[in-house]
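One structure is given below, encoded as structure tokens.
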Amino acid sequence: MNRVAMFRGEEAVEGLACDDRGLAYGDGLFETMRIDRGGVPWWPRHRARLAQGARRLGIAMPTGPWLDGRVAEAVDGVDQGVLKLVLTRGAGARGYLPPAQPAPTLILSVHPLSAPSGRGLDVAWSPVRLAEQPLLAGIKHLNRLEQVLARQEAATRGLDEALMLDASGRPVCATSANLVVLVEGRWLTPPTDRCGVAGVCRGWLLERGLVCEAQLPPAQVEAAQAVFLCNAVRGILPVARMDGRSLAHAPAIDSIVGELHRAMPAFAR
């Protein structure tokens, strides 16, 4: 299934330049999207977040119709899969200062969709903290070494995911998903205004009024009635075990999963 298309500006190219700033400095953005029946169900939301990140970093965003066309070509004929989009500032001389008018690099790659495990996740707090940088908070930039370290450490403990705190000790997210907890009958998710990614699935849940944003101390997360993680590829992922404590399956999770499946049938397949 793997297929890759790469562009410098709007010109197709065969490979990545060795001086590409995405490779050298993580100077770029990415989106990871679910493919369903030859389309990307949440593409408008991904494109909007990509555009927000490009504005924040000062990277030239590809024109809408051209980008839509390249995404459509990439996923054409794919029944189910994952599309990864990487947008970098492009090539430039050595040094942090960006060139005046670089041609951005766009990479589109298609990958298999992992089969669901059929069980709840086993998660725990990570010792790796997220740095607080409001200028980068919310967007999906390429600097993900904190998540790499956290996922690596979690794997050595046999965990499915790691829950991450910011530098001040406040819960933020998991390494590749947003965190949602049930507290006194309300689904709550931490803000992403200082660090973390404002996830596409999280945004959909917030807009529907199914989840509210709230600052959560670790003790409140640990005492939650139910916990799930969510992202735009796998949807809603119930947590069955957190920091060694087993969580009973909550009917409230079934309700919110049903809402997602009715609105986005791709996640029910």
Side-chain angles (χ1 to χ4, degrees), residues 34 42 45 114-130 137-138 147 150-151 153-155 157-268:
R34 186 167 182 137
W42 266 332
R45 291 177 178 271
S114 299
S117 67
R119 60 175 178 81
L121 301 180
D122 185 0
V123 307
W125 295 113
S126 174
V128 181
R129 298 288 184 94
L130 290 170
Q147 287 81 358
R151 182 57 72 85
E153 191 273 340
R157 298 160 63 187
L159 299 170
D160 297 308
E161 251 287 11
L163 303 182
M164 304 191 72
L165 305 169
D166 65 18
S168 301
R170 295 170 295 205
V172 181
C173 57
T175 64
S176 59
N178 288 112
L179 170 67
V180 185
V181 302
L182 185 63
V183 177
E184 297 180 354
R186 298 174 67 218
W187 287 110
L188 304 175
T189 187
T192 56
D193 58 337
R194 302 194 64 80
C195 58
V197 174
V200 163
C201 187
R202 173 186 182 272
W204 181 88
L205 292 168
L206 286 168
E207 288 180 17
R208 290 291 181 105
L210 299 170
V211 169
C212 297
E213 192 174 80
Q215 196 67 254
L216 299 165
Q220 199 168 32
V221 173
E222 292 163 3
Q225 300 158 267
V227 180
F228 69 79
L229 307 182
C230 63
N231 68 26
V233 170
R234 301 179 67 190
I236 292 171
L237 304 166
V239 171
R241 191 172 177 83
M242 183 170 64
D243 253 6
R245 177 173 75 96
S246 294
L247 299 174
H249 182 77
I253 292 183
D254 294 333
S255 176
I256 209 164
V257 167
E259 292 271 3
L260 176 65
H261 287 184
R262 282 189 290 275
M264 304 293 292
F267 291 99

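If you're wondering where the values come from, they're calculated on a predicted model, not measured in any experiment.
A donor-acceptor contact shorter than 3.5 Å links the side chain of N178 to the backbone of G199. The backbone N or O of R170 sits nowhere less than 3.5 Å from a side-chain atom of S168 that would complete a donor-acceptor pair. Counting only distance, with no hydrogens or angles, the side chain of T189 and the backbone of L179 share a donor-acceptor pair below 3.5 Å. In this structure a side-chain-to-backbone donor-acceptor pair under 3.5 Å is missing from D122 to G158.
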Could you go through L210 and W187, starting from their C-alpha distance and side-chain angles, then the distance that decides it, and tell me whether this counts as side chain to side chain contact (heavy atoms under 4.5 Å, CB included)? CA-CA 7 Å; L210 299 170; W187 287 110; over 6 Å; no
Begin from the C-alpha positions of L205 and E259 and carry the test side chain to side chain contact (heavy atoms under 4.5 Å, CB included) through to its verdict. CA-CA 9 Å; L205 292 168; E259 292 271 3; over 6 Å; no
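Nearest heavy atoms, A232 versus C201: N-CB, 4.2 Å. Summarising the geometry of F267 relative to G235, their closest heavy-atom pair is CE2-N, 3.4 Å, with the distance given to 0.1 Å. Taking all atoms of both residues into account, the shortest heavy-atom contact from T192 to V197 is CG2-O, 3.6 Å. Pairing each heavy atom of A167 with each of R129, the nearest pair is O-NH1, 3.6 Å. P127 approaches R157 most closely through the heavy-atom pair CD-NH1, 4.3 Å. Taking every heavy atom of both residues into account, L165 and V172 meet most closely at C-CG2, 4.2 Å.
Shown are R119, R234, R151; of these, the salt bridge (charged side-chain N to carboxylate O under 4.0 Å, His left out) with D160 is made only by R119. Each of D243, T175, V239, L229 was scored for a side chain to side chain contact (heavy atoms under 4.5 Å, CB included) with L163, with one residue passing: L229.
Inter-residue side-chain proximity for C173 and L130 is flagged as met; some heavy-atom pair is nearer than 4.5 Å. Between V257 and F228 there is no side-chain heavy-atom pair separated by less than 4.5 Å.
The CD1 atom of I256 lies 11.0 Å from the CZ atom of R208; values are rounded to the nearest 0.5 Å. With rounding to the nearest 0.5 Å, the separation of CD1 in I236 from NE2 in H261 is 7.0 Å. Within the model, atoms CE of M264 and CZ of R34 stand 9.5 Å from one another, a figure rounded to the nearest 0.5 Å. Here R202 contributes atom CZ and E213 contributes atom CD; the two are 4.5 Å apart, rounded to the nearest 0.5 Å.
Counting heavy-atom neighbours within 6.0 Å of E184 CD, excluding the residue itself, gives a total of 12 or less.
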